[in-house]
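Beneath this line is the structure, given in structure tokens, with notes to follow.
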There are 2 protein chains.
Amino acid sequence: MIEAKMESPVVLKKILDAIKELVSDANFECNEEGLKLQAMDNSHVALVAVELNAESFMKYRCDRPMPLGVNLASLTKVIKCAKDDDTVTLRATDDQDILHLTYEAKNTDRIAEYDMKLMDIDADALGIPETDYDATVKLSSGEFLRIVRDLSGLGESVRIEVTKEGVRFISEGESANGSILLKQSGGGKIERVRQGNGVKKEDGADDDDDDEDSGKKKAVKVKKEARDDEDEEMEEDDGGSIQEESGSEAEPEEEDADEEEGSGSKKRKRSSKASASAKKKTKTAAKKGKKKADDDDEEEEGGATIHMNQHVNLTFSLKYLVNFAKSGSLSKNVHLKMSNEVPLLVQFVFGGGLISYYLAPKIGDE
Amino acid sequence: MIEAKMESPVVLKKILDAIKELVSDANFECNEEGLKLQAMDNSHVALVAVELNAESFMKYRCDRPMPLGVNLASLTKVIKCAKDDDTVTLRATDDQDILHLTYEAKNTDRIAEYDMKLMDIDADALGIPETDYDATVKLSSGEFLRIVRDLSGLGESVRIEVTKEGVRFISEGESANGSILLKQSGGGKIERVRQGNGVKKEDGADDDDDDEDSGKKKAVKVKKEARDDEDEEMEEDDGGSIQEESGSEAEPEEEDADEEEGSGSKKRKRSSKASASAKKKTKTAAKKGKKKADDDDEEEEGGATIHMNQHVNLTFSLKYLVNFAKSGSLSKNVHLKMSNEVPLLVQFVFGGGLISYYLAPKIGDE
DNA sequence: GTCCATGCTT
DNA sequence: AAGCATGGAC
């Protein structure tokens with residue numbers, strides 16, 4: 001038996017809108033931690049993962065782990081029958097292949113119930129790469145959408161380069177070439193992600209120093225810790241333009257979590273966080289002459305927040321990126337995580353969950 | 001080498017949207033005066049001319065006149081990659097067949113660069129008719145769009161008649177006929193353009209009095225002059241409905257130029273002009289009991305400002321007019337200029353430039 | 001809450 | 001190329 005009640009169908013609607021063209025059927029794996037969906041896209045090129053944390057539900061109960069095999073088109077139809085201010089309750093029992101959905105208007109004057117057939121779906125053998133990434137870029141979802149859409153008008157592929165200059169998106173088409181450079185937000189320098197001792201290398205920016213700290217920032221799950229002090233001597237480790245950065249990448253979820261769903265001003269949470277982390281960073285920032293106390297809180301238009309451990313240069317199919325970018329409605333920002341020759345991770349963090357897309361790079365001139 | 005920097009891509013976007021279905025490839029002729037494009041439409045029926053004045057650019061440099069042969073579909077794609085608040089710089093060197101476009105966000109965090117192939121295009125042999133027109137009608141672009149779109153639902157062609165009654169758009173279709181009459185704005189009488197002595201004729205409205213004043217109002221370039229007094233006795237010269245008008249048609253460019261691009265209220269310039277010309281017209285208006293002091297400043301909905309030298313009666317293909325009307329987003333008003341048996345000129349004047357369409361009338365019942 | 005403009009789909 | 005739907009602005 002599983003029962004999950006949510007305040008609003010909006011997030012679910014957006015998730016389904018975002019992935020239903022990529023994946024037609026998938027299992028929602030339910031356990032005490034929440035709901036998780038992982039699936040290869042229909043052409044088995046990209047991988048989609050959605051996580052909804054148990055805590056984000058008004059009520060969440062899962063007696064034992066079970067998969068709910070759903071046809072996403074059907075679920076989309078059904079969830080669209082919920083008004084945006086209805087509460088939505090999902091229910092499934094162990095013995096029936098049925099998903100029950102109950103939509104209740106806030107005033108309880110209206111209760112709608114839907115039953116949807118579930119399917120048996122063979123779980124894809126999903127090898128989710130668990131890499132530490134050489135470069136991460138945070139930018140506004142709108143900007144990301146804009147970039148990939150613009151470039152998809154020119155060519156099939158985009159090359160993404162992260163250098164100390166910023167992140168560059170390059171597309172070469174028949175009639176025109178395009179190149180979009182996003183600099184670090186606010187004109188700051190590209191910040192070096194602090195990762196174990198990898199950054200100690202003199203030429204670290206071109207080397208593989210990502211293997212050494214696996215487990216340290218597993219995807220975006222790792223908690224920020226007070227490690228700032230131990231690496232202060234690493235400043236200027238790459239010609240003076242790459243700078244050590246103290247753990248700010250460790251908490252994108254919390255930061256983004258209420259950007260979209262929360263109704264408060266975008267400065268609300270930020271300011272409290274900034275003051276909290278500013279304390280830790282004061283020493284470092286002062287020493288290095290940084291303008292910003294906490295770059296993760298930078299959100300201004302057009303800019304990107306870039307953490308680079310090593311230059312990356314990867315080429316991807318724009319078609320998929322355009323698809324991924326649809327999830328922008330879930331979160332104000334998107335995180336791109338890249339290492340050379342491994343799949344790109346495109347991640348949207350929203351209140352109560354996370355949606356991740358993995359896409360393998362094109363190799364050579366394929 | 002040519003380099004042209006503009007504050008915003010919006011005008012260029014609108015121009016391309018407006019003409020890209022009419023013309024697929026064209027030369028932008030660049031010289032020190034600005035950029036000019038002239039081309040026959042793809043079916044060689046209509047002629048499109050676009051002018052962008054050098055002064056309207058933030059920066060403009062053209063070392064020597066050169067044509068930039070562009071595929072308009074490609075340029076449209078590329079220009080759409082500019083955000084509306086980006087500055088746009090066009091660059092072309094003499095030796096490369098490439099147009100470079102640079103889009104810079106105002107905060108400079110984002111710089112996008114596009115390179116587009118240029119083409120060698122045989123310049124059309126363009127005979128632009130330089131006529132003085134027997135009738136000119138100024139109306140709101142929205143009204144024009146509405147009229148041609150409405151009528152195109154009924155028939156293939158529209159007959160445009162300008163008489164002392166106003167301007168009439170007539171379409172005869174299989175299942176229905178339509179006729180739209182626009183009277184002079186504000187209920188004023190049709191104003192006779194003051195042209196030499198032509199208006200002295202008792203029946204001038206039906207005769208050919210347009211030959212006599214050629215050079216007086218060449219297109220829309222002629223300057224207003226204080227000639228009001230000399231013809232005051234001509235009032236009621238055509239049954240009391242045709243009226244001498246003192247050169248107010250002489251400055252549509254200036255008048256329209258900031259209607260669209262200017263950010264001021266639409267009454268700003270108007271009121272100052274009205275008071276200036278009101279002085280001149282006071283005598284006439286008082287004598288005739290006119291309501292309005294200056295009809296050129298009338299912009300209210302549904303009205304038209306009509307200057308007629310001679311009745312005209314011309315038939316045009318609606319298909320083209322509908323296409324022309326798309327340029328309405330560039331300017332609040334459109335000017336229609338007509339003489340019997342010569343091509344119609346449809347003109348949109350906007351901040352920094354001008355777009356003109358010429359369309360030959362249908363003869364007989366072709 | 002309504003209207004307009006833009007983007008996407010057929 | 002036209003119509004529909006969605007998102008943004010007033």
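All chains are named by letter (A, B, ...) in the order of the sequence lines, taking the proteins before the strands, and each is independently numbered beginning at 1.
- Nucleotide C:dT6 holds its C1' atom 17 Å from the CG atom of B:Leu16, rounded to whole Å.
- Per the geometry, CG belonging to B:Leu145 stands 14 Å off C1' belonging to C:dC4, to the nearest Å.
- Separating the CG atom of B:Asp85 from the C1' atom of D:dA9 is a distance of 15 Å, rounded to the nearest angstrom.
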Taking it one step at a time, do A:Phe324 and A:Val148 satisfy side chain to side chain contact (heavy atoms under 4.5 Å, CB included)? CA-CA 10 Å; A:Phe324 301 166; A:Val148 296; over 6 Å; no
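- Rounded to whole angstrom, the span from the NZ atom of A:Lys14 across to the C1' atom of D:dA5 amounts to 16 Å.
- Rounded to a whole Å, the CG atom of A:Asn323 is 15 Å from the C1' atom of C:dG7.
- One interatomic measurement links the two molecules: NZ of A:Lys326 to P of C:dT9, which rounds to 7 Å at whole-angstrom precision.
- Atom-to-atom, CG of B:Asp84 to C1' of C:dT6 comes out at 10 Å; the value is rounded to the nearest Å.
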Verdict with reasoning, A:Val334 to A:Gln347, per side chain to side chain contact (heavy atoms under 4.5 Å, CB included): CA-CA 6 Å; A:Val334 57; A:Gln347 203 159 54; 5.9 Å; no
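- The CG-P distance, from A:Asp150 to C:dC8, rounds to 11 Å in whole Å.
- Taking the centre of each ring, B:Tyr103 and B:Tyr114 come in below the 6.0 Å mark.
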Derivation and outcome, side chain to side chain contact (heavy atoms under 4.5 Å, CB included), residues B:Asp25 and B:Leu72: CA-CA 5 Å; B:Asp25 303 288; B:Leu72 295 183; over 6 Å; no
